[in-house]
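A short worksheet on the structure shown next.
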Amino acid sequence: MFFLPKGHQLTSLVSGNEIFEKLGAIGTLSNLLVYLTTVFNLENITATNIINIFNGSTNFATLLGAFLSDAFFGRYKILAFCTVASFVGLFAIQLTAAIEKLHPPHCEESAICQGPTEGQMTFLKTGLGLLMVGAAGIRPCNLAFGADQFNPNTDSGKKGITSFFNWYFFTFTVAQMISLTIIVYIQSNVSWAVGLGIPSALMFVSSIIFFMGSKLYVKVKPSGSPITSIVQVIVVATKKRRLKLPEYQYPSLFNYVAPKSVNSKLPYTYQFRFLDKAAIVTPQDQINPNGSVTDPWNLCSMQQVEEVKCLLRVLPIWVSGILYFVVIVQQHTILVFQALLSDRRIGQSEFLIPGASYYVFLMISVAIWLPMYDRKVMPLLQRLTGKEGGITLLQRMGIGIFFSILSMLVSAKVEKHRRTLALINPLGVETRKGAISSMSGLWLIPQLSLAGLAEAFMSVAQVEFYYKQFPENMRSIAGSLYYCGHAGSSYLSSVLISVIHQITAKSETGNWLPEDLNKGRLDNFYSLIAALEIINLGYFVLCARWFRYKGTGSSSIELEKATKQSERSATNCVNDSNL
């Protein structure tokens, strides 16, 4: 590792920390759905909604972590604190399995299936809350902190950042694959106490690896709250909403950039022109001798306005991402119950693949495609198109949404086949779940592989897209926006499940999502999501056509000004000659 360039050395430490952190967190959370239904004796719908709400709240908490990082503490301090919080949270969850008084008795050991007490749920929620605190800082800051180790002003630094995003997701995928196979198997077949103890130990190792590089890291200092600047633009534009923009506006608007600003100067763009009113200079506005404004709540610079425009341009793309992630949510929640009611044997052996482990096939798809894309496909596309990444980030995201549609259509087809065989030719009965279908669980691989390709295109491109399109002082917030998309999809998925469950329960055709999936129509639910994704793809294409990348707006504004002045001069010369 120490023979690598400095940026790569430091990101190797960050990636090492990331692997062990993900091994710890995913090793607990990937099988948490099964843990809630088997150890805490919760119903499928209840457990699924708890997971969706927890994931949603955890991902939304990244906004707070990003804000504190960018405004006050910096990414290093936030990562240090949150890494420790994650370890304590994982240890608390491990105790709920290791200590009998912290979970209800198993249903097989009692005549009545008893649910958890209020105290047991409180202790579990405390552990989940600490995990939420850890994720609030680690998720938005880890990517940006790793990218901070490269110099974006050099060619090697730019290439390093692009490659880092691909390899970051590769290490993330490796961690998930190990968690979803080895750790989940130990949890399901050996002992929950041991299986949850391993992630705690791995999180402890993660903390040690992270602190090993504390004296080597490039630590970007916080530059104050970027949220304040955003609010100032909105407030001032609202105050000056009745003012009329000049006919040729840009030169007459207030255009000041602080000498020590970490943000690159942005060109003028014609989108969201109502915000330009925040930069209209009135007789009441006072300018300091150094060119800065006396009261930033009465006048904003065009640089501030363009930074807000960057944020607003990204939001429609982000909304599309929320709808996309609904597909991925199904592949690690409801799919687990599908797997439990399928033939999970490998060949003629008695070995059963744990239900939560099937998600690893999605990760394998990502792990195969990302290195291939980074080393083979992307260089080829670069030669063909002449673009830095081969194809644009928005094009990659659109391809990801297309694969998500295919994944849902295949999911519906496979589920219909699984349900038919469960009713006609069952292998046995799963306790509290229903008849086990004779369909091999390996038939779930195609839909997971397609979802993996969708992730390889969409998620990697989305994170890089946010990182590059946000102003430099908002990059932690850019990272949190990705996770907020996951949060929105978790909440949306929970709402969809609850609404469909309640509406169809009263219908003549029967409940689509009952406790026993064989009595429901999960295939209809998947088809409904596929239809939503088709609409989402159309919406995304419209947003992509409208979008303008940062720094590629009306950057020739001064040239236009010079052209207009030349035209006026030529007209005057013609008029003079006619005289």
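The structure presented is a predicted model; accordingly, all values stated were derived computationally and were not measured.
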Set of residues satisfying ring pair (Phe, Tyr, Trp, His ring centres under 6.0 Å) with respect to [X], sequence neighbours excluded:
{"X": "Phe547", "result": "Phe465, Tyr549"}
{"X": "Trp369", "result": "Tyr373, Phe457"}
{"X": "Phe325", "result": "Tyr482, His486"}

Where is the tightest heavy-atom contact between [X] and [Y], given as atom of each residue plus distance?
{"X": "Ala456", "Y": "Leu370", "answer": "O-CD2, 3.9 Å"}
{"X": "Asn59", "Y": "Ala487", "answer": "CB-CB, 3.4 Å"}
{"X": "Ser86", "Y": "Gly134", "answer": "OG-CA, 3.2 Å"}
{"X": "Tyr539", "Y": "Pro316", "answer": "OH-O, 3.0 Å"}
{"X": "Asn536", "Y": "Ser320", "answer": "OD1-OG, 2.8 Å"}
{"X": "Val236", "Y": "Ala278", "answer": "CG1-O, 3.5 Å"}

[X] and [Y]: side chain donor to acceptor below 3.5 Å:
{"X": "Tyr76", "Y": "Ser69", "value": "no"}
{"X": "Arg313", "Y": "Gln469", "value": "no"}
{"X": "Tyr268", "Y": "Asp276", "value": "yes"}

>> Show me the pairs that pass salt bridge (charged side-chain N to carboxylate O under 4.0 Å, His left out) and involve residues 279-294, at least two apart or across chains.
In response: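 Passing the test, one end in residues 279-294: Lys240-Asp285.
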
Value rounded to 0.5 Å, distance of [atom1] in [X] from [atom2] in [Y]:
{"X": "Ser489", "Y": "Gln330", "atom1": "OG", "atom2": "CD", "answer": "9.0 Å"}
{"X": "Cys300", "Y": "Leu253", "atom1": "SG", "atom2": "CG", "answer": "12.0 Å"}
{"X": "Ser404", "Y": "Leu532", "atom1": "OG", "atom2": "CG", "answer": "10.5 Å"}

In the structure I gave you, are the side-chain heavy atoms of [X] and [Y] within less than 4.5 Å of one another anywhere?
{"X": "Val366", "Y": "Leu453", "answer": "no"}
{"X": "Asn55", "Y": "His332", "answer": "yes"}
{"X": "Lys265", "Y": "Asn255", "answer": "yes"}
{"X": "Tyr466", "Y": "Trp318", "answer": "yes"}
{"X": "Glu455", "Y": "Gln331", "answer": "no"}
{"X": "Thr282", "Y": "Asn298", "answer": "no"}
{"X": "Ile287", "Y": "Ser292", "answer": "no"}
{"X": "Leu266", "Y": "Gln303", "answer": "yes"}

>> Just to verify, what does Ala80 make a side-chain contact (heavy atoms from CB on, under 4.5 Å) with, not counting sequence neighbours?
In response: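 Counting only residues at least two positions away or on another chain, Ala80 forms a side-chain contact (heavy atoms from CB on, under 4.5 Å) with Phe210, Phe211.
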
> Quick one: side-chain contact (heavy atoms from CB on, under 4.5 Å) partners of Phe73, sequence neighbours excluded?
Replying inline: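 Phe73 satisfies side-chain contact (heavy atoms from CB on, under 4.5 Å) with Leu68, Lys77, Ile78 once adjacent residues are dropped.
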
Under 3.5 Å donor-acceptor, [X] side chain and [Y] backbone:
{"X": "Gln271", "Y": "Trp546", "value": "yes"}
{"X": "Tyr483", "Y": "Ala61", "value": "no"}
{"X": "Asn288", "Y": "Asn290", "value": "no"}
{"X": "Glu533", "Y": "Val327", "value": "no"}
{"X": "Ser407", "Y": "Phe403", "value": "no"}
{"X": "Thr83", "Y": "Leu79", "value": "yes"}

>> Could you walk me through whether Phe67 and Phe72 satisfy the ring pair (Phe, Tyr, Trp, His ring centres under 6.0 Å) test, starting with their C-alpha distance in whole Å, then the side-chain angles of each, then the deciding distance to 0.1 Å, before giving a yes or no?
In response: CA-CA 8 Å; Phe67 171 74; Phe72 301 108; 5.7 Å; yes

Flag if over 12 foreign heavy atoms under 6.0 Å of [atom1], [X]:
{"X": "Arg545", "atom1": "CZ", "answer": "no"}
{"X": "Phe60", "atom1": "CZ", "answer": "yes"}
{"X": "Gln286", "atom1": "CD", "answer": "no"}
{"X": "Phe81", "atom1": "CZ", "answer": "no"}

